[in-house]
Amino acid sequence: MKYEITREPLDPQSLLDAVRSDECGAIVTFLGVVRVMGDGDRPVDGLAYEAYPEMALPEMRAIGAEASSRFGEARVAIAHRIGDLALGEVSVAIAVASKHRAVAFDACEYVIDELKQRVPIWKRENYRDGETRWRPNASPHA
Amino acid sequence: MKYEITREPLDPQSLLDAVRSDECGAIVTFLGVVRVMGDGDRPVDGLAYEAYPEMALPEMRAIGAEASSRFGEARVAIAHRIGDLALGEVSVAIAVASKHRAVAFDACEYVIDELKQRVPIWKRENYRDGETRWRPNASPHA
Amino acid sequence: MRVRVLTFAGIREIVGEPSRTLALPEGATAADAWNALAGEFPALAAIAGSTRLARNGAFIDGSAALREGDELAVLPPFGGG
Amino acid sequence: MRVRVLTFAGIREIVGEPSRTLALPEGATAADAWNALAGEFPALAAIAGSTRLARNGAFIDGSAALREGDELAVLPPFGGG
């Protein structure tokens with residue numbers, strides 16, 4: 001439906017609008033938000049994301065299509081922000097609309113799980129002490 | 001955080017704002033939307049919802065507290081609309097923020113499942129042919 | 001004694017009003033109140049099995065004794081969400 | 001032949017630029033390109049095991065033969081979400 005990588009702040013409402021339809025009774029959204037503890041135990045001031053959009057966008061589309069065929073028909077939109085993000089800003093927004101809620105929940109969770117593993121986007125944690133580190137996502141099998 | 005039964009259109013953004021915090025990296029929302037097929041196979045023009053707010057609001061708060069203690073710490077907001085709703089309008093909005101996404105997904109799904117069983121709110125389907133019917137939710141054990 | 005009965009959804013439509021005052025003998029139970037209502041509105045009999053009762057916002061059994069001024073809610077199966 | 005190498009995140013910081021042209025002998029593989037890059041930037045050796053390669057947007061093995069004009073992306077472990 002809508003797949004986007006952008007430097008602008010994400011607008012969850014525009015994703016809702018992209019997926020809603022008269023046939024869909026349930027919309028589940030996921031927002032990833034920059035939090036003070038990042039993925040580890042060191043407080044961050046913010047994050048920086050970088051992407052390889054020519055590869056990331058097709059992969060996001062593929063994940064959306066898989067989510068829709070695996071769990072039942074679903075309408076999927078995914079937006080990922082890149083550049084510098086402050087605390088509280090939204091890094092990724094996913095919206096999934098479906099006829100019934102179980103499909104929407106399962107498909108939305110699938111999308112974020114797969115996105116973290118398969119989409120060429122990278123995150124740098126900017127720690128309060130001034131250090132920075134490119135931090136990979138945990139492996140699902142770790 | 002925020003628990004509301006209202007005749008006004010629901011504003012998902014205000015629920016996001018109610019649950020977000022610097023500690024939370026994930027926000028999952030659920031929106032229930034009026035769809036043309038309602039819960040059955042007869043097309044509807046719209047729905048009407050009615051509530052017993054003096055009992056429904058405490059029950060919504062109880063469900064939010066349970067969701068937070070069962071799956072891990074979570075911040076929960078629930079809004080339910082009453083009155084007449086047209087196709088595409090949002091009947092219920094739930095937002096759950098948590099440190100990690102698995103907790104937010106599980107807690108959000110718990111809230112909507114329990115709300116449908118335990119909160120004294122009723123729905124009338126207004127069919128296109130002019131008939132109406134008060135339609136109870138399916139039992140989870142059906 | 002007098003109790004206030006609140007009705008909702010299909011039950012409200014049968015009763016024709018959202019709130020109604022019942023005069024009951026002292027010591028009457030919630031079931032007595034329901035039976036008084038169902039006596040007046042025979043269409044209620046068919047849905048007795050799926051109807052729940054709450055007093056002052058808390059679920060109760062039919063055996064619960066009522067008191068003057070209680071608010072008894074008569075609740076058909078829920079449909080929120 | 002010449003291939004364009006794209007680098008990202010920590011690898012980009014080591015190499016110092018997001019894109020770089022490598023001159024390679026005809027028949028060179030993706031592994032040959034990586035080795036040429038790692039020869040120039042010894043810090044890359046430590047992360048060879050976690051680095052994946054893609055040609056023109058599709059993952060490839062090191063054994064894949066490159067062609068003039070290919071775009072070879074050198075991808076450290078992902079961190080999106």
Side-chain angles (χ1 to χ4, degrees), chain A residues 10-17 19-40 43-47 75 86-113 115-116 123 137-138 140, chain B residues 10-17 19-40 43-47 75 86-113 115-116 123 137-138 140:
Chain A
L10 300 183
D11 174 17
Q13 186 64 48
S14 76
L15 293 194
L16 292 180
D17 294 339
V19 300
R20 66 196 312 163
S21 98
D22 274 4
E23 307 298 324
C24 292
I27 304 178
V28 172
T29 68
F30 174 81
L31 302 179
V33 182
V34 180
R35 66 192 171 89
V36 72
M37 278 314 188
D39 283 343
V44 302
D45 278 335
L47 303 179
R75 295 163 60 85
L87 287 182
E89 289 198 288
V90 175
S91 56
V92 60
I94 299 163
V96 178
S98 190
K99 206 168 158 188
H100 297 294
R101 69 188 188 280
V103 170
F105 274 108
D106 288 347
C108 189
E109 197 161 9
Y110 178 83
V111 168
I112 182 61
D113 288 350
L115 182 148
K116 283 179 171 263
K123 171 176 58 193
N137 291 324
Chain B
L10 300 182
D11 174 18
Q13 187 63 48
S14 78
L15 292 194
L16 292 180
D17 293 341
V19 299
R20 65 197 313 161
S21 99
D22 273 5
E23 307 298 324
C24 292
I27 304 179
V28 172
T29 70
F30 173 81
L31 302 179
V33 182
V34 180
R35 67 190 170 90
V36 71
M37 279 313 189
D39 283 345
V44 302
D45 278 334
L47 303 178
R75 295 163 60 86
L87 287 182
E89 290 198 288
V90 176
S91 56
V92 61
I94 298 163
V96 178
S98 191
K99 207 168 158 187
H100 297 294
R101 69 187 188 279
V103 170
F105 274 109
D106 288 347
C108 190
E109 198 161 8
Y110 178 83
V111 169
I112 181 60
D113 288 350
L115 181 148
K116 284 179 170 263
K123 171 176 59 194
N137 291 325

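Predicted model, so just to flag it, every value in this text is computed and none were measured. Letters A, B, ... mirror the listed sequences (proteins, then strands); counts begin at 1.
- With chain B as partner, the option from A/Ala26, A/Ala95, A/Gly32 having the largest number of non-hydrogen pairs under 4.5 angstrom is A/Ala26.
- Your options are A/Lys99, A/Arg20, A/Arg35, A/Gln13, and the one with the most heavy-atom pairs under 4.5 Å with chain B is A/Arg35.
- With a threshold of 4.5 angstrom between heavy atoms, B/Ile94 does not approach chain A through any atom at all.
- Distance alone, capped at 3.5 Å, places no donor-acceptor pair between the B/Glu109 side chain and the B/Asp106 backbone.
- Partners of A/Arg101 according to the side chain to side chain donor-acceptor pair (under 3.5 Å) rule, which considers only residues two or more places apart in sequence or in another chain, are B/Asp113.
- Checked against B/Ile27 for a side-chain contact (heavy atoms from CB on, under 4.5 Å), the options B/Val96, B/Leu16, B/Leu15 give a single hit: B/Leu16.
- Options B/Val92, B/Val90, B/Ile112 differ in how many heavy-atom pairs under 4.5 Å they form with chain A, and the most are formed by B/Ile112.
- A donor-acceptor distance shorter than 3.5 angstrom exists from the side chain of A/Asn137 to the backbone of A/Lys116, with no hydrogens or angles considered.
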